[in-house]
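Within every chain, numbering begins at 1; the chains are lettered A, B, ... in the order of the sequence lines, protein sequences first and strands thereafter. FYI, side chains are in, hydrogens and waters are out, and symmetry mates aren't considered; it's all heavy atoms of this structure.
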Number of protein chains: 2
Amino acid sequence: MFEGSGLAKKYKIKKCECPSGKMTRFVEPCLLFFLSQGDSYGYELMAKLDNFGFPKAKPDPAMVYRTLRYLEKEGFVVSKWDTKGTGPAKRNYGLTQKGIGLLHLWAESIEMRKQVLEKFLKQYSQQFKRIRKK
Amino acid sequence: MFEGSGLAKKYKIKKCECPSGKMTRFVEPCLLFFLSQGDSYGYELMAKLDNFGFPKAKPDPAMVYRTLRYLEKEGFVVSKWDTKGTGPAKRNYGLTQKGIGLLHLWAESIEMRKQVLEKFLKQYSQQFKRIRKK
DNA sequence: TCACGTATATGTAGAATACATATAGATGTT
DNA sequence: AACATCTATATGTATTCTACATATACGTGA
């Protein structure tokens, strides 16, 4: 992820040591959000994730399908097979009321997380502005 | 984490389904940052984390000490025992040049992640503003 | 001596993730 | 007809990460 940044080379760090480039746990709220825009199915949701998420991190089909199944097991979404149209059958998902609730919780959680990251970045840039001035 | 938010009750979601309340992987950049402010040791760093991090998530000593050992193994920090002063000996850590590099990489990474979260939140609030208007 | 705060460390079960792989319908190509 | 490719869903599993429990030991005050 940081091959192009120059920093990795400069400091002789071989590979990406920052796992936050990956979409850790982030697929769940994304799927819930996409479904809040209208019913959809795994393959299509995966394409949406690809556009939405982190630049170079491609969504893992296994993650997507398993997360959808988990969400259904817990009652956050419901699915039924869609055999209309061409190609292999699609499992079409829709949000439940409970699923909307979970999405709202995620949004709260993500807002909080964003604030923590902002706090970090603020202190970080202050710190290194100060050092450069010396 | 969301017991107090009311939403969990409203939507009948029993426990916290949003793991982003925890300081997942976030200890590493925090430790690096704290050490960039000056040498320190595990116990003290843990207290700083406690003030810095997510509201109700207390830092896990195991995470802190193990992360510090990992960082040392990889050459991002160096340590030596400090037997001066009272109480049990402290293992005092200092950042290396490589460690500063890693901190900068983390900062880049966190900036990117922040942007992704912002993108999510923006689309989310637009979506639900629109729905309420209907 | 006993509790408590300081300080570091390890063991391990369980959760989460990455990566590989399997299956199968439809379409286009040689 | 055979083959590749795109669409679509699904499972197996090794590895990594995390949470929680627990151990050790120094110093201070009751």
Side-chain angles (χ1 to χ4, degrees), chain A residues 1 15-31 34 39-50 53-54 56-74 77 79-93 106 109 113, chain B residues 1 15-31 34 39-50 53-54 56-74 77-93:
Chain A
M1 185 170 194
K15 53 161 196 168
C16 176
E17 313 269 359
C18 318
S20 71
K22 294 170 192 158
M23 286 193 266
T24 335
R25 277 270 81 187
F26 196 57
V27 276
E28 191 176 299
C30 286
L31 293 175
F34 295 147
D39 292 6
S40 185
Y41 56 97
Y43 198 79
E44 196 179 49
L45 290 163
M46 225 161 58
K48 285 195 177 193
L49 264 177
D50 205 18
F54 295 82
K56 291 187 187 174
K58 275 173 193 164
D60 179 12
M63 270 270 57
V64 172
Y65 289 111
R66 260 199 275 254
T67 302
L68 286 169
R69 297 307 218 97
Y70 159 78
L71 289 172
E72 182 162 37
K73 204 190 75 193
E74 300 296 326
V77 300
S79 78
K80 49 185 168 183
W81 284 104
D82 173 12
T83 49
K84 287 168 291 184
T86 181
K90 306 163 172 69
R91 188 186 280 277
N92 215 45
Y93 286 92
W106 265 110
S109 171
R113 165 159 286 218
Chain B
M1 183 167 195
K15 52 161 193 161
C16 176
E17 312 270 358
C18 318
S20 70
K22 293 168 190 161
M23 285 194 263
T24 336
R25 278 270 83 186
F26 196 56
V27 276
E28 192 177 298
C30 287
L31 293 176
F34 294 148
D39 293 4
S40 186
Y41 56 98
Y43 198 79
E44 195 180 48
L45 291 163
M46 224 161 60
K48 286 195 174 192
L49 266 176
D50 205 19
F54 295 82
K56 290 186 188 174
K58 275 173 192 163
D60 180 12
M63 270 273 53
V64 173
Y65 287 111
R66 260 198 276 254
T67 302
L68 286 169
R69 296 308 217 99
Y70 160 77
L71 289 172
E72 181 162 37
K73 202 190 76 192
E74 300 297 326
V77 301
V78 283
S79 79
K80 49 185 169 182
W81 285 103
D82 173 12
T83 48
K84 286 169 290 182
T86 180
K90 307 161 172 69
R91 189 186 280 277
N92 215 46
Y93 286 92

Using whole Å, what does the distance between atom [atom2] of nucleotide [N] and atom [atom1] of [X] come to?
X: A:Asp82; N: D:dT9; atom1: CG; atom2: C1'; answer: 13 Å
X: B:Tyr43; N: C:dT8; atom1: OH; atom2: C1'; answer: 11 Å
X: B:Asn92; N: C:dT8; atom1: CG; atom2: C1'; answer: 13 Å
X: A:Leu68; N: D:dT11; atom1: CG; atom2: C1'; answer: 15 Å
X: A:Leu49; N: D:dT9; atom1: CG; atom2: C1'; answer: 16 Å
X: A:Leu71; N: D:dA10; atom1: CG; atom2: P; answer: 13 Å
X: B:Trp81; N: D:dA25; atom1: CH2; atom2: P; answer: 13 Å
X: B:Leu45; N: C:dT8; atom1: CG; atom2: P; answer: 9 Å

- Considering non-hydrogen atoms only, spot the tightest contact between B:Leu45 and B:Phe34 and give its length.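 Looking at all heavy atoms of both residues, the shortest contact is CD2-CB, 3.5 Å.
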
- Message: Which heavy atom of A:Pro59 sits nearest to which heavy atom of A:Met46, and what is that distance?
- Response: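 The answer is CG-O, 3.6 Å.
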
- Item | Out of D:dA8, D:dC20, D:dA10, whichever nucleotide has its closest atom nearest the side chain of A:Tyr41 |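 Taking heavy atoms from C-beta onward, the closest nucleotide is D:dA8.
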
- Which one, C:dT8, C:dT12, D:dT9, comes nearest to the side chain of B:Arg91?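 Given the options C:dT8, C:dT12, D:dT9, the side chain of B:Arg91 is closest to C:dT8.
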
- Task: Map A:Lys90 and A:Met63 onto DNA chain D by nearest heavy atom, then report which one ends up closer to the 5' terminus.
- Result: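 The 5'-side residue here is A:Lys90.
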
- DNA chain D: B:Ala62 or A:Tyr93, which has the more 5' nearest nucleotide?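 The answer here is A:Tyr93.
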
- Query: If you look at every strand shown and take non-hydrogen atoms under 4.0 Å, does B:Arg69 touch a base, only sugar-phosphate, or nothing?
  - Reply: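 Sugar-phosphate, backbone atoms only, no base.
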
- Item | From A:Asp60, A:Thr67, A:Leu68, residue fulfilling side chain to side chain contact (heavy atoms under 4.5 Å, CB included) relative to A:Val64 |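 That would be A:Leu68.
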
- Any A:Thr86 side-chain nitrogen or oxygen under 4.0 Å from OP1 or OP2 of D:dT7: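 No.
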
- Is the shortest side-chain N/O distance from B:Tyr65 to OP1 or OP2 of C:dA9 below 4.0 Å?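 For B:Tyr65, the contact criterion (side-chain N or O under 4.0 Å from OP1 or OP2 of C:dA9) is not met.
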
- Query: How do A:Ala89 and A:Pro61 order along DNA chain C: which one's closest nucleotide is nearer the 5' end?
  - Reply: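 It is A:Pro61 whose nearest nucleotide is closer to the 5' end.
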
